[in-house]
Amino acid sequence: MSAPLFLVDDLPAGSAFTLDGPEGHHAATVQRLRAGEVLILADGRGGSATAEVTAVGRGSVEVTITGREQVPAPDPRLVVVQGIAKGDRGELAVQAMTEIGVDEILPWAASRSVAQWRGDRGFKARDKWASTAREAAKQARRSWLPLVGGDPDCSTKQVAARLAGAAAAFVLHEEATERLAAAPLPAGEIGPGEIVLVVGPEGGISDAERAVFQEAGATAVRLGREVLRTSTAGVAALAVLSARLNRW
């Protein structure tokens, strides 16, 4: 089993470090790490350090840094515009997409979204998505934490603007004829860029929204004959893109 990963604001500059706070509590009390065991510290921005536990306190562990690594930022970045879904389907999507390797998630207030993020409720819901992504990133041992954007969500107009600036943009739609597995991707050294994928809510994407996105430069694509739920469509699409981009 690989070493557990714990997130820190900044990696230690020296060789000795005390992991405390919520992460230290989790390491010492929940996972019950012991002296001699190995863990990974990560800053969520590509930097990580392998460390050996030297002592365990009440809610903290003392470690010695044994190795360091800096993972380059993904290029192109994979961005998913996720239609806001009811219940826990949105969080399920965020969790699985983070494990797959999404780089940014944008909550989208689609016209057919049953759940509406308004006022404080919206910010709390967005923060819950961010917390879900953080925990999933730790589970997946990711060096880069995915961003969860929105203020707290994005309008169709804002999504269209993001699509227009992308290196490639796709809208998952069950009536599309082009397959994501065969759709053209940015070729060669494209420099900093992103591939943006739009996933609709439970009721799907309206014809008007689809038209706006296509006018912004997005291509409507499908995955297969099956119609996937909003909680699984983005995950399946990210798997296709990850394989095509040689991330996997």
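Two different hydrophobic clusters hold Trp108 and Trp129 under the rule that ILVMFWY side chains link at heavy-atom gaps under 4.5 Å. Grouping the Ile, Leu, Val, Met, Phe, Trp and Tyr side chains by contacts below 4.5 angstrom, directly or via other members, places Ile195 apart from Leu106. Linking Ile, Leu, Val, Met, Phe, Trp and Tyr whenever their side-chain heavy atoms come within less than 4.5 Å leaves Val81 and Leu92 in two separate clusters. Under a hydrophobic-cluster definition in which Ile, Leu, Val, Met, Phe, Trp and Tyr are linked whenever side-chain heavy atoms come within less than 4.5 Å, directly or via other members, Val79 and Val94 are assigned to different clusters. Cluster annotation: Val240 and Ile105 are assigned to the same hydrophobic cluster (Ile/Leu/Val/Met/Phe/Trp/Tyr, side-chain heavy-atom contacts under 4.5 Å, transitive).
Taking NZ from Lys124 and OG from Ser131, the interatomic distance works out to 14.5 Å, rounded to the nearest 0.5 Å. The structure places CG of Leu172 at 6.5 Å from CG of Leu180, a figure rounded to the nearest 0.5 Å. Note that OG1 of Thr156 is 4.5 Å distant from CD of Glu209, once rounded to the nearest 0.5 Å. To the nearest 0.5 Å, atoms OG1 (Thr132) and CG (Asp127) are separated by 10.5 Å. The CG atom of Leu7 sits 8.5 Å away from the CG atom of Asp43 when rounded to the nearest 0.5 Å.
By the salt bridge (charged side-chain N to carboxylate O under 4.0 Å, His left out) test, Glu52 pairs with no residue at all, sequence neighbours left out. Scored by the salt bridge (charged side-chain N to carboxylate O under 4.0 Å, His left out) test, Arg112 finds no partners at all (sequence neighbours excluded). For Glu104, the salt bridge (charged side-chain N to carboxylate O under 4.0 Å, His left out) partners at least two apart in sequence or on another chain are Arg77, Arg162.
For Thr54 (side chain) and Glu62 (main-chain N/O), a donor-acceptor pair under 3.5 Å exists by modelled atom type. Checked by atom type and distance alone, the side chain of Glu99 never pairs as donor or acceptor with a backbone atom of Ala96 at under 3.5 Å. For the pair Thr29 (side chain) and His26 (backbone), a donor-acceptor distance under 3.5 Å is absent.
Between the side chains of Thr230 and Glu202, no donor N or O sits under 3.5 Å from an acceptor N or O. Using a 3.5 Å distance cut-off with no hydrogens or angles, the side chains of Ser143 and Glu69 do not pair a donor with an acceptor.
Side-chain contact between Leu11 and Phe17 is absent, with no heavy-atom pair separated by less than 4.5 Å. No side-chain heavy atom of Pro4 sits less than 4.5 Å from a side-chain heavy atom of Ile40. The shortest side-chain heavy-atom distance between His25 and Arg58 does not fall under the 4.5 Å cut-off. Two residues are said to be in side-chain contact when any heavy atoms from C-beta on lie closer than 4.5 Å; Leu245 and Pro76 meet this criterion. In this structure, Gln82 and Pro107 have side chains that are not in contact, with every pair of non-hydrogen atoms separated by 4.5 Å or more. Looking at heavy atoms from C-beta onward, Val114 lies out of side-chain contact with Pro201 at the 4.5 angstrom threshold. Within the 4.5 Å cutoff, side-chain heavy atoms of Arg134 are placed close to those of Leu145. Within the 4.5 Å cutoff, no side-chain heavy atoms of Arg222 are placed close to those of His173.
Atom CZ of Arg68 has more than 12 heavy atoms from other residues, nucleotides or ligands within 6.0 Å. Within a 6.0 Å radius of CZ in Arg45, more than 12 heavy atoms belonging to other residues, nucleotides or ligands are found. Residue Glu215 places its CD atom among 12 or fewer non-hydrogen atoms of other residues, nucleotides or ligands, all under 6.0 Å distant.
In summary, Glu23 and Lys138 engage in a salt bridge, as defined by a charged side-chain N under 4.0 Å from a carboxylate O. The existence of a salt bridge linking Asp103 and Arg247 is confirmed by a sub-4.0 Å separation between a basic side-chain nitrogen and an acidic carboxylate oxygen.
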